[in-house]
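What you see below is based on every heavy atom in this structure, not just the backbone, and it leaves out hydrogens, waters and symmetry mates. In what follows, every chain begins at residue 1, and chains take the letters A, B, ... in the order their sequences are listed.
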Amino acid sequence: MDFAITPPPAKTVSAAMAISQFPENPKSLILHQCKTPRDLNQVHAHLIKTRLIFNPSIAENILESAALVLANSMEYAVSIFDKIAGPNSSAYNVMIRGFTYKQSPERAVALFEEMCQNSVQPDEFTFPCVLKACSRLGALSEGKQIHAQVLKLGFGLEGFVGNTLIHMYASCGGIHIAHKLFDRMPDRGVMTWNSMFAGYSRSGNWIEVTELFRKMLESGVQFDEVTMITVLTACARLADIELGKWVGDYIKANGLKRNPTLTTCLVDMYAKCGSLDLARILFDQMEQKDVVAWSAMISGYSQARKCKEALDLFHQMQAAEVDPNEVTVVSVLSSCAVLGALETGRWLHLFVKKRWVKLTVPLGTALVDFYAKCGMIDKAIEVFMEMRCKNVFSWTALIQGLASNGQGKRALDFFRQMQEENVPPNDVTFLGVLSACSHSGLVEEGRDFFVSMNRDFDIEPRMEHYGSMVDILGRAGRIEEAYQFINNMPIMPNTVIWRTLLASCRAHKNVVFGDESIKRIAEIEPLHSGDYILLSNLYASVGRLEDAMRVRSLIKEKGIKKAPGCSLVELDGVVHEFLSEDDSRSCSSEIYRATEDMINRIRSAGYVPNVEEVRLDVEEDDKEVSLSHHSEKLAIAFALIKTRPRTTIRISKNLRVCSDCHNAAKVISKVFDREIIVRDRNRFHHFKDGSCSCNDFW
DNA sequence: TTAGGGTTAG
């Protein structure tokens, strides 16, 4: 061979040198020397030249190299395999294994069938490979046929075949069969147990995972890191901090923290169980943090509604130059949605467009939810339409988004479309549907949907569904009907239900049922400041000012804290905060002046302050001033002077908008020619041209 | 030659 004279690069030398002294059994040589396709080509060429390829055992060795070396393709291996006259079971095994590992499990199963047709008897190595392929495919019926073959050929449950059979059944939805085999298994090792865990965790049966783990501990079989990973995942989903901590302590005591996957699971478990600080300590201690570790910590914050922390950590992740993946983006988007962080969310959307051509279901859904929660409902619809694949989550996000943005009828149109496309709604979808009816005053429709969810979809109404129904009736002024509805509830109504009724009583000036609601709330828990304020306003609305004052003074007497009204407005990515009657800001006089100007202008356009809801402890003359200093008015006035004409103003509020501010905002939108979007605790108000998207139902 | 794992959306 000529390259013994002129040495080519190192890698080729080793392969070539080896070839010149080809050993009797070349298996390990071929496997070790063939590291690249080029090596493989050379060895293969040599085998053909020397006719060694016709030696079945040598052909098999090169076949195995071809199946293992080339990263994503089996074509080279196929070309060798096709030239083997009468391949034996070992050759088939190599090919089946190759297909299984190289993401073509369906070809692995097909080849197994071909093997049987060619009367080549499978051996104890064939079955684990082909069963693994079935597991990957979720191919239960093929798996069952293979099981029959296993029995026919007399293989028992011992060893690998038994374990892979259990794994196959467990991961293809045949968990009961898997359990039967597991029970009959003569010698259950850690792999046997892990195969069962894999099945339960794949189907989300987290309780079964923890119960099985306790049985494993009783049995005395030593668990391993894979077991702990599955168990920790289950603890996270179940918020089972007790068992989770036990595993955590075991990991600490046995010095297993160096396994980053295991630590990531611990971080995730602590975060999902609410111990965010513990999670963060572990996370900070991790030497190597991959994208999954970062995502676990970020989603921990996001799910705990610590959205600012989630965004901060995301920025740290970018600073650490770790590339976010889909999961990261989905978590961060959901935090942006809660915060109304429009700029960051938009940036993420651009990032998604650049990075991933196809919108996946979770990504699309997170974007729909994000835009809807930022009041950009048209953009939410646009993203939804772009999604090629949608599931019940995506439809629900859109329906809820439309409902909270005051487009109840459109929400119901989408609900009908969802049914036409055969996507079955779930309990949360119905919350969106009922909320659409409530916000749009669709009483009869709401009642029909409430009946239909149980009758046609077999969904048992939860407390929230009953609450929505009370809201629908109450808002429409059908207070007595709402009261009867509560009395007929098959479950014990909670305070949310009674507070919903109380709010309706306030809106419709119904003192009788208002008093009754307060009584019922007080039976369950101490009254909130909001309850007193609603009751006080209710009395004031029917002219019982003394009672109103008495209720107000109770707040002070009992020392009940009131949550101050707070509005946020985002300008150039900076969030400004306003509190009611806030004079702490350095520019407050400027803002108060702007507020005054704003009020004067809308007064001349017909705005009349509604003093009914003003704090009753304020002196009569001051009432209108107090009204004009509600946080949303301050925020709107601030935005009016700080932004260019016609720019949309976006306000986020911690409480519900009061009726006076609602009225004022309508007039402001017309007088100043501005679209104003206010997100309150429950929903959106899009003020434009003197009216609001909520049609004054809120 | 043969088996197992973590983060995501309403």
Side-chain angles (χ1 to χ4, degrees), chain A residues 27 31 60-61 63-64 67-68 89-98 100 123-132 135 159-168 170-171 189-199 201-202 223-233 236 259-269 271-272 289-300 302-303 324-334 337 360-370 372-373 387 390-401 425-432:
Chain A
K27 180 175 137 185
L31 275 174
E60 197 184 298
N61 297 149
L63 184 64
E64 184 157 7
L68 293 175
S89 63
S90 303
Y92 274 106
N93 291 348
V94 168
M95 292 300 285
I96 290 171
R97 188 159 49 111
T100 306
D123 58 25
E124 77 262 42
F125 302 119
T126 319
F127 290 114
C129 283
V130 70
L131 285 170
K132 186 187 164 100
S135 297
F160 290 112
V161 178
N163 285 331
T164 39
L165 265 175
I166 289 175
H167 187 260
M168 181 277 295
S171 31
V190 62
M191 293 302 180
T192 322
W193 290 87
N194 285 351
S195 295
M196 288 301 293
F197 284 124
S201 92
R202 187 181 283 205
F223 53 85
D224 66 5
E225 299 191 6
V226 178
T227 321
M228 287 188 277
I229 285 166
T230 316
V231 172
L232 282 174
T233 309
N259 178 339
T261 304
L262 199 51
T263 313
T264 301
C265 281
L266 260 184
V267 168
D268 182 51
M269 184 276 296
K272 286 211 173 71
K289 301 181 187 85
D290 67 358
V291 60
V292 182
W294 283 96
S295 304
M297 195 64 231
I298 289 172
S299 81
S302 181
Q303 280 163 16
N325 66 12
E326 219 184 283
V327 179
T328 332
V329 172
V330 167
S331 293
V332 178
L333 271 175
S334 101
T360 62
V361 180
L363 255 181
T365 306
L367 280 167
V368 168
D369 183 53
F370 160 74
K373 288 216 173 96
M387 291 171 69
K390 303 161 179 121
N391 65 9
V392 62
F393 278 68
S394 336
W395 287 94
T396 304
L398 185 69
I399 290 168
Q400 285 191 323
N426 63 17
D427 53 339
V428 187
T429 319
F430 273 102
L431 283 180

Item to check | Derivation of the side chain to side chain contact (heavy atoms under 4.5 Å, CB included) call for A:Leu232 and A:Asp268 | outcome: CA-CA 8 Å; A:Leu232 282 174; A:Asp268 182 51; over 6 Å; no
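Note: CZ (A:Phe127) to C1' (B:dT2) measures 12 Å, nearest angstrom. Rounded to an integer number of Å, the gap from CG of A:Asp268 to P of B:dG6 is 11 Å. In this structure, A:Met168 atom CE and B:dT2 atom C1' are separated by 16 Å, rounded to whole Å. One interatomic measurement links the two molecules: CD of A:Glu124 to C1' of B:dT2, which rounds to 9 Å at whole-angstrom precision. The distance between atom CG of A:Asn426 and atom P of B:dA9, rounded to the nearest whole Å, is 15 Å. One atom, CG of A:Asn163, and another, P of B:dA3, lie 11 Å apart when rounded to the nearest Å. Distance CG (A:Leu363) to P (B:dT7): 17 Å, rounded to an integer number of Å. If you measure from atom CD1 of A:Ile166 to atom P of B:dA3, you get 16 Å, rounded to the nearest angstrom.
Screening A:Leu165, A:Val161, A:Asn93, A:Ile96 for a side-chain contact (heavy atoms from CB on, under 4.5 Å) involving A:Phe127 leaves a single residue, A:Val161.
In this structure, the nucleotide among B:dG6, B:dG10, B:dT7 sitting nearest to the side chain of A:Thr264 is B:dG6. Candidate nucleotides B:dA9, B:dG5, B:dG10 were compared by shortest atom distance to the side chain of A:Val330, and B:dA9 ranks first. Across B:dT1, B:dT7, B:dT8, the shortest atom-to-atom separation from the side chain of A:Arg97 is found for B:dT1. When the nucleotides B:dT7, B:dG5, B:dT2 are ranked by their closest atom to the side chain of A:Val327, B:dT7 comes out on top. Here the nucleotide nearest the side chain of A:Asp290, chosen from B:dG6, B:dT2, B:dT8, is B:dG6. Closest to the A:Ser334 side chain, of the nucleotides B:dG10, B:dT2, B:dT7, is B:dG10.
Side chain A:Asn194 to base B:dG5: no donor-acceptor pair is found below 3.5 Å. Interface remark: the A:Asn259 side chain does not form any donor-acceptor pair with the B:dG6 base, using a distance-only criterion of under 3.5 Å. If you check distances only, the side chain of A:Thr365 never reaches the base of B:dG10 with a donor-acceptor pair under 3.5 Å.
Remark: A:Ile229 CD1 to A:Met269 CE distance equals 13.0 Å, nearest 0.5 Å. Taken to the nearest 0.5 Å, the CG atom of A:Leu398 stands 11.5 Å off from the OG1 atom of A:Thr429. The distance from atom NZ of A:Lys272 to atom OG of A:Ser299, rounded to the nearest 0.5 Å, is 5.0 Å.
Within the 4.0 Å cut-off from OP1 or OP2 of B:dT7, not a single side-chain nitrogen or oxygen of A:Gln303 is found. Between A:Lys272 and B:dT8, a side-chain N or O to OP1/OP2 separation shorter than 4.0 Å is present. In terms of phosphate contacts, A:Ser299 brings a side-chain nitrogen or oxygen within less than 4.0 Å of OP1 or OP2 of B:dT8.
Within 4.0 Å of A:Val428, counting heavy atoms only, lies at least one base atom of the nucleic acid. At the heavy-atom level, A:Asp427 lies nowhere under 4.0 Å from the strands shown. Here A:Val361 lies in heavy-atom contact (under 4.0 Å) with a base. Across all strands, A:Ser331 comes closer than 4.0 Å only to sugar-phosphate atoms, never to a base (heavy-atom distances).
Listed by chain and number, the residues in a side-chain hydrogen bond (donor to acceptor under 3.5 Å, both in side chains) with A:Ser394 are A:Thr365, A:Asn391 (sequence neighbours excluded).
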